[in-house]
K.L.:
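Provided herewith is a single structure, encoded as C-alpha cells, for subsequent inquiry.
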Amino acid sequence: MKVVIIGGVAGGASAAARLRRLDEHAQIVMIERSGYVSYANCGLPYYIGGTITDRSKFTLQTPESFRARFDIDVRVRQEAIAIDPEARTVTVRRLDDGSEHIEGYDKLILSPGARPVMPGLPGEDGERLFTLRTVEDTYRIADFVERERPGRVTVVGAGFIGLEMAENLRERGLEVTVVQRGDHVLPIFDADMAALLHNHLREHGVELLLNANVTGFAEHDGVVATSLADGRVIESDMVIAGRRPRLRGRRLCEGRAPACVHDLGAGSRGHVVPRGPRRMLCAHRLVHPAHDHVRHRPRRRRGLRPARHRLPDVQSARPGQHPR
C-alpha cells in the first residue's frame, strides 16, 4: 500500500509516524511545501524575542531522520497543486525548478494546513510588513529586527500569535501598539476574562487599541503608517499583521477534477467538512483530511445533557503502567 501525505508539521508528520508504527511495510511519501517538515511552531515568536537562541531547537525531525528512523520518503520544497481522486493521483510541483510530476497513491491524507491571506488592504505588500506562520517567516522577522534595529512596532490582530509577538517584541525593548478590530483580545475568550489580559498588557507598556479597524498601510522613509477607519494614523518602524488563514483544499481540487470540490466536501474557505460527526472521511473514501484542513459541522442538540466522562480503569493497570 502506498500512502501520500500532503503537508507535514503537526498533522502530516504525526500521521506519517503513526502509520509507520501500524504498518511497517507501507510505502509512505510526505510532501511539504516549505523547507521544514517537522518543527515546534509554538516556539517561533520566542526565537524572535530571544528566549530561544539556537535555530536547531526548532527542528524536531528532518527528511534524513525521517528516512533513517521511519523509512518515510519526505520531499520538502514541493507543492501539491491538484488531486484527481478518480485516478488516485496527485500533481506535484518542485518549487526549486518549477517542474511537475504525477504521484500515484492508494490512500491520501490531506494535512496542508492553512496559508495566510490579507483582505486586500492598500500597502499590505510593503517590505516592512510581516506575517508569522512558518520557520522562514520567523527568520525573516528576526533578521530584520537585528539588521534594522526598529524602535516601534504595530501588531495588527490580538489572537494568540499577535499577543505572543507583542510580548516578545516588548521584551526586546520595542514600543508595541496592538490594534484589535473587536472589543477585546483573544476573541475565543469572554470579554470579562480578556479584561485581565488588557490590564496585563498595559502594565507592561503595551498600547492597546480596541474596536480599531485597519484600512491600509503606507510606507515612506523607513516608516510604516497604519491607517484606521476613525481617521487615526499609527506610525511605526515595522508591522506584524495577523492574517486570516485560507485553507488549500479547494485550490488543490480545482482545475484537474471539477467534481472533486463537491465530493471532498470542501467549504467556502477551502476546508474539508467531514460527512458526519465521527467520520473523518471524505466522499472519496481513500482521502482523509487532518488538522487545520478540517472544519466540523456543529451538531444540533435538542437540549443540554450532562457530560459523560469515563473514569480511568485504575484497577486493571499493572504496576508502572498508566491507567487507561
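On a predicted model such as this, the values are computed, not experimentally measured, just so you know.
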K.L.:
Is it true that a side-chain atom of Q180 and a backbone atom of A158 form a donor plus acceptor pair closer than 3.5 Å?
P.N.:
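Answer holds: yes.
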K.L.:
Would you call D71 and R67 a salt bridge, taking side-chain N to carboxylate O under 4.0 Å as the test?
P.N.:
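Result for this pair is yes, salt bridge flagged.
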K.L.:
Flag the pair I28 / L19 as yes when at least one side-chain heavy-atom distance between them is below 4.5 Å, and no otherwise.
P.N.:
yes
K.L.:
So, are D143 and R55 salt-bridged, with charged N and O less than 4.0 Å apart?
P.N.:
yes
K.L.:
Give a yes or no on whether I240 and V223 share a hydrophobic cluster (residues Ile, Leu, Val, Met, Phe, Trp, Tyr; joining criterion: side-chain heavy atoms under 4.5 Å apart).
P.N.:
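Different clusters: I240 never reaches V223 through Ile, Leu, Val, Met, Phe, Trp or Tyr contacts under 4.5 Å.
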K.L.:
Checking the side chain of T138 only, and the main-chain atoms of T134 only, is there a donor and an acceptor separated by less than 3.5 Å?
P.N.:
yes
K.L.:
Roughly how far, to the nearest 0.5 Å, is the NZ atom of K57 from the OG1 atom of T51?
P.N.:
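Interatomic distance, T51 OG1 to K57 NZ, rounded to 0.5 Å: 14.0 Å.
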K.L.:
For the residue pair N168 and Y47, establish whether any side-chain heavy-atom pair is separated by less than 4.5 Å.
P.N.:
no
K.L.:
Taking S236 for its side chain and V153 for its backbone only, find out whether a donor-acceptor pair lies under 3.5 Å.
P.N.:
no
K.L.:
Scan residues 182-200 for pairs that pass salt bridge (charged side-chain N to carboxylate O under 4.0 Å, His left out), counting only residues two or more places apart or in two chains.
P.N.:
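The answer is none; no pair qualifies.
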K.L.:
Output, in order, the C-alpha distance, side-chain angles, deciding distance and verdict of side chain to side chain contact (heavy atoms under 4.5 Å, CB included) for D23 and M1.
P.N.:
CA-CA 9 Å; D23 187 346; M1 180 179 67; 4.0 Å; yes
K.L.:
Rounded to the nearest 0.5 Å, how far does CG of L22 lie from CD of E24?
P.N.:
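That separation rounds to 11.0 Å.
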K.L.:
Hey, is E146 close enough to R172 for a salt bridge, meaning N to O under 4.0 Å?
P.N.:
yes
K.L.:
Can you tell if the side chain of L121 reaches within under 4.5 Å of the side chain of V214, non-hydrogen atoms only?
P.N.:
yes
K.L.:
So do L44 and V135 actually touch side chain to side chain, heavy atoms under 4.5 Å?
P.N.:
yes
K.L.:
Using only atom types and a distance under 3.5 Å, with no angle test, would you say the side chain of T215 pairs donor to acceptor with the backbone of S227?
P.N.:
yes
K.L.:
Test of understanding: with side chain to side chain contact (heavy atoms under 4.5 Å, CB included), list the residues that count as partners of E207, not counting sequence neighbours.
P.N.:
T177, L209
K.L.:
Look at the aromatic rings of Y36 and Y39 and report parallel, tilted or perpendicular, splitting at 30° and 60°.
P.N.:
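Perpendicular.
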K.L.:
State, with a plain yes or no, whether a side-chain heavy atom of V239 is found less than 4.5 Å away from one of V156.
P.N.:
yes
K.L.:
Rounded to the nearest 0.5 Å, how far does CZ of R202 lie from NE2 of H200?
P.N.:
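One finds 13.0 Å between NE2 of H200 and CZ of R202.
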K.L.:
I'd like to know if L60 and V76 are part of one continuous hydrophobic network [Ile/Leu/Val/Met/Phe/Trp/Tyr, side-chain heavy atoms within less than 4.5 Å].
P.N.:
no
K.L.:
Provide the closest heavy-atom pair for P112 versus L110 in the form atom of the first, atom of the second, distance.
P.N.:
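Heavy-atom minimum between the residues: CD-C, 3.4 Å.
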K.L.:
Does a side chain donor of either S56 or T59 reach within less than 3.5 Å of an acceptor in the other side chain?
P.N.:
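The criterion, which ignores hydrogens and geometry beyond distance, is not satisfied for T59 and S56.
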K.L.:
Looking at F70, is its backbone amide N or carbonyl O close enough to the side chain of R20 to form a donor-acceptor pair, meaning the two atoms are under 3.5 Å apart?
P.N.:
yes
K.L.:
Is atom CZ of R75 surrounded by more than 12 heavy atoms (other residues, nucleotides or ligands) closer than 6.0 Å?
P.N.:
yes
K.L.:
Contact between L169 and I48 at the side-chain level, heavy atoms closer than 4.5 Å - yes or no?
P.N.:
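Touching, per the 4.5 Å side-chain cut-off.
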K.L.:
With hydrophobic residues grouped by side-chain heavy-atom distances under 4.5 Å, do V92 and L95 end up in a single group?
P.N.:
no
K.L.:
Out of curiosity, does F217 fall in the hydrophobic cluster containing V233 (side-chain heavy atoms, cut-off under 4.5 Å, transitive links)?
P.N.:
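Hydrophobic grouping puts V233 apart from F217.
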K.L.:
Between D96 and R94 (salt bridge meaning N to carboxylate O under 4.0 Å), is one present in this structure?
P.N.:
no
K.L.:
Would you say I234 and V179 make side-chain contact, with heavy atoms under 4.5 Å?
P.N.:
yes
K.L.:
Quick check against the 3.5 Å criterion: does S65 have a side-chain atom that pairs as donor or acceptor with the backbone of Q61?
P.N.:
no
K.L.:
Could you go through the side chain to side chain donor-acceptor pair (under 3.5 Å) check for Y46 and E167 one step at a time?
P.N.:
CA-CA 9 Å; Y46 296 92; E167 172 196 359; 3.1 Å; yes
K.L.:
What distance do S14 atom OG and I5 atom CD1 have between them, rounded to the nearest 0.5 Å?
P.N.:
9.5 Å
K.L.:
Do L196 and F189 share a hydrophobic cluster, counting only Ile, Leu, Val, Met, Phe, Trp and Tyr and linking them when any side-chain heavy atoms are less than 4.5 Å apart?
P.N.:
no
K.L.:
Which distance, rounded to the nearest 0.5 Å, do you find between the CE of M193 and the NE2 of H184?
P.N.:
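Going from the CE atom of M193 to the NE2 atom of H184 covers 10.0 Å.
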K.L.:
How long is the gap from CG on D84 to OG1 on T91, to the nearest 0.5 Å?
P.N.:
7.5 Å
K.L.:
Any idea which heavy atoms bring E136 and S34 closest together, and the distance?
P.N.:
OE2-CB, 3.7 Å
K.L.:
Applying side chain to side chain contact (heavy atoms under 4.5 Å, CB included), run through R93 and Q78 and close with a yes or a no.
P.N.:
CA-CA 6 Å; R93 176 185 296 143; Q78 296 191 22; over 6 Å; no
K.L.:
Using the rule side-chain contact (heavy atoms from CB on, under 4.5 Å), only one of T154, V224, I141 pairs with M238; which is it?
P.N.:
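Per the side-chain contact (heavy atoms from CB on, under 4.5 Å) rule, the option paired with M238 is I141, out of T154, V224, I141.
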K.L.:
What residue among R149, R128, E148 forms side-chain contact (heavy atoms from CB on, under 4.5 Å) with D237?
P.N.:
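When R149, R128, E148 are each tested with D237, the side-chain contact (heavy atoms from CB on, under 4.5 Å) holds only for R128.
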K.L.:
Under 3.5 Å, is there a donor-acceptor pair between the side chain of K2 and the main chain of G104?
P.N.:
yes
K.L.:
Less than 4.5 Å apart, side chain to side chain, heavy atoms only: is that true for I83 and I6?
P.N.:
yes
K.L.:
Could you tell me whether R170 and E175 make a salt bridge, using a distance below 4.0 angstrom between a side-chain N and a carboxylate O?
P.N.:
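Answer for the salt bridge query: no.
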K.L.:
In this structure, are over 12 heavy atoms from other groups packed under 6.0 Å from R147 atom CZ?
P.N.:
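Atom CZ in R147 is packed in, count exceeds 12.
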